[in-house]
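Scroll down for the structure; my scribbles are underneath it.
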There are 2 protein chains.
Amino acid sequence: MARTPTTTDVFNAVAEASRRDLLDALSSGEATVGELAERLGLSQPAVSKHLGVLRAVGVVHVRVDGKHRWYRLNGPALKPIHDWVRTFERTWNTRLDRLDDLLAELHSQEKKQS
Amino acid sequence: MARTPTTTDVFNAVAEASRRDLLDALSSGEATVGELAERLGLSQPAVSKHLGVLRAVGVVHVRVDGKHRWYRLNGPALKPIHDWVRTFERTWNTRLDRLDDLLAELHSQEKKQS
DNA sequence: TTGACACATTCCCATATGGGAATATGATGT
DNA sequence: ACATCATATTCCCATATGGGAATGTGTCAA
């Protein structure tokens, strides 16, 4: 057999750096194919295809609006990756590190609410 | 161009399910190629090749011991994945969820120390 | 209807894959 | 030296890739 198809699961879909870049770009909100193409310096067909893969594994959703297509991030689809890699977290993170992380996050959350 | 080579980075190396299985198996400690092959039901050459990829991206290390080769997990090499996917954590996790996670982990750590 | 626009799809190609089978390498025991 | 064991490597092949170029599709405005 050949290599596992990119649309098999989120792990394979996200292996490609351009697709991770697309998700990063979408984390700030909805975006159009053209916008993404310009932001990432990719051709329009390239972006369309990458978004097709990301859509196939459910990590992005589309909203059709006239001749535009608004792509939106669907974060929870990335959870399997998080859950898996989290198993190994203890190999580099101590409990105190994690507490620091949590406190830092609580702080940033407080800021956003003020 | 073709697809990004598996040895490019950890993301690509870990996209293949068999290689994730290998890492899972190694999380309980060092293991031999033969052991891994039997545990995962893979052929010896297959395991050797997969380990080669994992080694190329630094997520496993080898220790030569006579005619045996003890492979060992190098967890921190997975951190880039964790760091990246963590950016999206807030899309599915609330602060309280994370607190629950932390408490659960502290509990399990306490158990291991008794 | 026609044209312009925003995307999606198709066709092309060089390239790497993972798996099996076969073979090479290297260390050990006799 | 030799046979054996544990791994690595090579050769094979079907298959999918990502990118560019070209083309198809659907929507809007005049």
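Protein chains get the first letters and strands the later ones, always in sequence-line order, with residue 1 at the start of each. This is a predicted model, so every value here is computed, not measured. Values below: every heavy atom of this structure, side chains too, minus hydrogens, waters and symmetry copies.
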Taking the six-membered ring for Trp, are B:W92 and B:F88 closer than 6.0 Å centroid to centroid?
no
Measure CG/A:D21 against C1'/D:dG18 and give the value in whole Å, please.
15 Å
Okay, side chain of B:N74, backbone of B:G58: is any donor-acceptor separation there less than 3.5 Å?
yes
Spacing between B:K67 atom NZ and D:dA8 atom C1', to the nearest angstrom
16 Å
NZ or CZ of B:R20 within 45° of A:F11 ring axis and under 6.0 Å:
yes
Tell me the interatomic distance from B:L22, atom CG, to C:dG18, atom C1', rounded to whole angstroms.
13 Å
Value in whole Å for how far the P atom of D:dA6 lies from CG of B:L51
16 Å
Phosphate contact (D:dA6 OP1 or OP2) by B:Y71 side-chain N/O below 4.0 Å
no
If we ignore hydrogens and angles and just use 3.5 Å, is the side chain of B:R19 paired with the main-chain N or O of B:H50 as donor and acceptor?
no
Can you pull every protein N or O that's under 3.5 Å from an N or O on nucleotides 19-22 of chain C?
from   : atom 1 : to    : atom 2 : distance (Å)
C:dG19 : OP2    : B:H50 : NE2    : 2.8
C:dG19 : N7     : B:K49 : NZ     : 3.2
C:dG20 : O6     : B:K49 : NZ     : 2.7

Could you tell me how far apart B:W70 (CH2) and C:dA27 (P) are, to the nearest whole angstrom?
18 Å
Does a side-chain N or O of A:T32 approach OP1 or OP2 of C:dC7 to a distance below 4.0 Å, or not?
yes
OP1, OP2 of D:dG18 versus side-chain N and O of A:R19: anything below 4.0 Å?
yes
How would you label the contact of A:R55 with the nucleic acid (heavy atoms, under 4.0 Å): base, sugar-phosphate, or nothing?
nothing
Using whole Å, what does the distance between atom C1' of nucleotide C:dA8 and atom CG of A:L54 come to?
15 Å
Are any of A:H68's side-chain N or O atoms less than 4.0 Å away from OP1 or OP2 of C:dC7?
yes
Using a heavy-atom cut-off of under 4.0 Å over every strand shown, decide if A:T6 touches base, sugar-phosphate, or nothing.
sugar-phosphate
Closest-nucleotide ordering on DNA chain D, the 5'-leading residue of A:D65 and B:S48
B:S48
So, A:N12 side chain and B:A15 main chain: donor-acceptor pair closer than 3.5 Å or not?
yes
Between CZ of A:R3 and P of D:dT17 the distance, given in whole Å, is 10 Å
Between D:dA6 (P) and B:R63 (CZ): distance, integer Å
16 Å
For residues 31-45 of chain A, pull every pair meeting side chain to side chain donor-acceptor pair (under 3.5 Å), keeping only residues two or more places apart or in separate chains.
A:Q44-A:S48
With side chain to side chain contact (heavy atoms under 4.5 Å, CB included) as the test, pick out the partner of A:V85 among B:V14, B:D83, B:I81, B:L23.
B:I81
Any side-chain N or O of B:R69 below 4.0 angstrom from OP1/OP2 of D:dA8?
yes
